[in-house]
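Okay, so here's the structure we're looking at.
Ligands are counted one by one from 1 in listed order, and the atoms in each one are counted from 1 as well. Starting from 1, each residue takes its place in the sequence as its number.
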Amino acid sequence: MSEPLFDRIALVGIGLIGSSIAINIRDRGLARHVAISTRSAETLARAKTLGLGDSFHADPADAVAGADLVILSVPVGASGAVTKQIAAALKPGAIVSDVGSVKASVVEQMQPHLPENVHFIPAHPIAGTEQSGPDAGFLELFEGRWTILTPVPGTPPEPVAQLTSFWQACGARVETMTPEHHDLVLAIVSHVPHLIAYNIVGTAADLETVTQSEVVKFSASGFRDFTRIAASDPTMWRDVFLNNRDAVLEMLARFSEDLASLQRAIRWGDGDALHALFTRTRAIRRSIVEAGQDTDAPNFGRQPLHRAASPGAAGGAATPTPAATEISATGEAPPAE
Ligand SMILES: NC(=O)C1=CN([C@@H]2O[C@H](COP(=O)(O)OP(=O)(O)OC[C@H]3O[C@@H](n4cnc5c(N)ncnc54)[C@H](O)[C@@H]3O)[C@@H](O)[C@H]2O)C=CC1
Ligand SMILES: O=C(O)C(=O)Cc1ccc(O)cc1
């Protein structure tokens, strides 16, 4: 086996994402030592039982001491408090990163606590499931998926290259952009869709004329897909919406306008308008499938620790596909309208 990329990696937070990273480090030999810390003693004990690391620490400062790479995998609303706890123990030259689904707020929360002599490179693997906790992790989670890095201005290229190699070794494709652009893109492709799922399942649950057992019994596959997403972790998603407020509100405003025009088309029997939109959206779905980014691919909704071969796994390929290029772009925020 080749030299590990890092000597010591500290993982703070060991739920779905932290445990999937731990399994990747262990199975692919990416570090000599993995130190784990998390808030609850029960989760820490479970991580130990699962063999996710080499040392386990109640105090995150003990886990990060001497680490070359520190990754926070906690709900985004906890990023600032956790960074405050670890800041004094960080090794000079260490790379400090995270996996939060929101980036600008995480930068705002973490940066003020960090010493000047570490490299702060926030990250977001666009890969997950509706499961949470240390038992939910699996090796293939990141395979063929994008990880977005949002290094703070002035970060030297070497640590960015090192973190890029780490994520590529986990099977991910890596792209860099600004935190603000990340938050806009993710608002439309992830955050608003989750909100729509939470909302539609809530609406169905509140109906008086259709019983809950009818909703369960007759749920068509479209509705069932929404219920999967609406089963996602409540704490994590509360934090996403509270910490990406502006971008989510901007996308929701556009969504509401477009929904109103669909409402109008249905009311006035404008079949051409409905057909034209549905034709455009079908083309988008087809380009996602062609790019190998479809949600029916092996990573999505897969049971933990399932190890079937993964078609299209990139194993470090960094060439953007046409559809992915469209959404990831250059890091420039689109012009305000
Ligand atoms: N679940 C998903 O599909 C994805 C999640 N993410 C991001 O990854 C991060 C972690 O999410 P998951 O692993 O899914 O969550 P999870 O709920 O499975 O795990 C969260 C972990 O953080 C710990 N934790 C919670 N509050 C804490 C605090 N105040 N201080 C210290 N530790 C604390 C928990 O004990 C647990 O170990 C979040 O920021 C989320 O936005 C990113 C990509 C996908
Ligand atoms: O389970 C799903 O459908 C997801 O969308 C997973 C997911 C959730 C949150 C992220 O920040 C990235 C990916």
Problem set entry | Min heavy-atom dist Glu130 to ligand 1 below 4.0 Å | no
Exercise. Quick one: does Val240 get an N or O within less than 3.5 Å of an N or O on ligand 1?
Worked result: no
Exercise. Counting distance only, does the side-chain N/O of Ser37 pair as donor-acceptor with the main-chain N or O of His57 below 3.5 Å?
Worked result: yes
Exercise. Mind checking whether Ile14 has an N or O less than 3.5 Å away from an N or O of ligand 1?
Worked result: yes
For this session: May I have the step-by-step check of side-chain hydrogen bond (donor to acceptor under 3.5 Å, both in side chains) for Thr164 and Gln168, ending in yes or no?
Result: CA-CA 6 Å; Thr164 299; Gln168 287 176 340; over 6 Å; no
Problem set entry | Remaining members of hydrophobic cluster (4.5 Å side-chain criterion), Leu277 | Leu262, Ile266, Leu274, Phe278
Exercise. To which residues is Val216 joined in a hydrophobic cluster, defined by side-chain heavy-atom contacts under 4.5 Å among Ile, Leu, Val, Met, Phe, Trp and Tyr, whether direct or through other members?
Worked result: none
Exercise. Looking only at protein heavy atoms, which one is nearest to atom 25 (C) of ligand 1, and how far off is it?
Worked result: Pro75 CD, 3.3 Å
Exercise. How are the rings of Trp237 and His191 set relative to one another: parallel (under 30°), tilted (30 to 60°) or perpendicular (over 60°)?
Worked result: perpendicular
Exercise. Given Met236, His194, Gln131, which one has a non-hydrogen atom that is nearest to atom 5 (O) of ligand 2?
Worked result: His194
Problem set entry | Protein residue, atom and distance nearest to atom 29 (N) of ligand 1, heavy-atom basis | Ala78 CB, 3.4 Å
Exercise. So, Asp270 and Arg264, do they make that salt bridge, N to O below 4.0 Å?
Worked result: no
Exercise. Any nitrogen or oxygen of Thr38, main chain or side chain, under 3.5 Å from a nitrogen or oxygen of ligand 1?
Worked result: yes
For this session: With heavy atoms under 4.0 Å as the rule, classify the contact between Ala127 and ligand 1 as side chain, backbone, both or neither.
Result: backbone
Exercise. With only distance considered, is Gly18 within less than 3.5 Å of ligand 1 through an N or O on each side?
Worked result: no
Exercise. So is Ala81 in contact with ligand 1, going by heavy-atom distances below 4.0 Å?
Worked result: no
Seminar exercise, completed: atom 10 (C) of ligand 1: closest protein heavy atom, distance to 0.1 Å, is Ser73 O, 3.6 Å
Problem set entry | Geometric N/O contact Met236 with ligand 1, under 3.5 angstrom | no
Problem set entry | Among Val12, Asp135, Ile17, Leu186, closest by any non-hydrogen atom to atom 12 (P) of ligand 1 | Ile17
For this session: Taking only Lys NZ, Arg NE, NH1 and NH2, and the carboxylate oxygens of Asp or Glu, determine whether Glu143 and Arg28 approach each other closer than 4.0 Å.
Result: yes
For this session: Looking only at protein heavy atoms, identify the closest one to atom 30 (N) of ligand 1 and say how far it is in Å.
Result: Val82 CG2, 3.5 Å
For this session: May I ask you to decide whether Lys103 forms a salt bridge with Asp98, counting only side-chain N to carboxylate O separations under 4.0 Å?
Result: yes
Exercise. What protein heavy atom is closest to atom 19 (O) of ligand 1, reported as residue, atom name and distance in Å?
Worked result: Gly15 CA, 3.2 Å
Exercise. Going through the distances and angles, do Leu30 and Phe6 end up as a side-chain contact (heavy atoms from CB on, under 4.5 Å)?
Worked result: CA-CA 6 Å; Leu30 306 180; Phe6 293 94; 5.9 Å; no
Problem set entry | Short N-O contact, Glu250 and Arg254, less than 4.0 angstrom | yes
Exercise. Is it true that Arg285 and Glu290 have a side-chain N and a carboxylate O under 4.0 angstrom from each other?
Worked result: no
Exercise. What about Ser190: any of its N or O atoms under 3.5 Å from an N or O on ligand 2?
Worked result: no
Problem set entry | Per-atom contacts of ligand 2 with Arg228, taking only distances under 4.0 Å to non-hydrogen atoms | 1 (O), 2 (C), 3 (O)
Exercise. Hey, mind stepping through Glu42 and Lys48 against salt bridge (Lys or Arg N to Asp or Glu O under 4.0 Å) and telling me if it holds?
Worked result: CA-CA 10 Å; Glu42 197 188 331; Lys48 193 172 183 176; over 6 Å; no
For this session: Please report the C-alpha distance between Ile21 and Leu11 in whole Å, then the side-chain angles of each, then the deciding distance to 0.1 Å, and finally whether the side-chain contact (heavy atoms from CB on, under 4.5 Å) criterion is met.
Result: CA-CA 8 Å; Ile21 293 173; Leu11 301 176; 3.9 Å; yes
Exercise. Quick one: do the Gln162 and Ser165 side chains pair a donor with an acceptor below 3.5 Å?
Worked result: no
Exercise. Can you tell which of Val99, Val74, Leu44 gets a heavy atom nearest to atom 39 (O) of ligand 1?
Worked result: Val74
Exercise. Where on Trp237 is there a heavy atom closer than 4.0 Å to ligand 2, on the side chain, on the backbone, on both, or on neither?
Worked result: side chain
For this session: Return the residue, atom name and 0.1 Å-rounded distance of the protein heavy atom closest to atom 15 (O) of ligand 1.
Result: Leu16 N, 4.5 Å
Problem set entry | ligand 2 versus Arg145: contacting region, heavy-atom distance under 4.0 Å | neither
Problem set entry | Nearest-contact summary for atom 3 (O) of ligand 1 - protein heavy atom, Å | Gly128 CA, 3.1 Å
Problem set entry | Any N or O of Ser40 closer than 3.5 Å to N or O of ligand 1 | no
Exercise. Tell me: protein heavy atom nearest atom 17 (O) of ligand 1, and distance?
Worked result: Ser132 CB, 3.6 Å
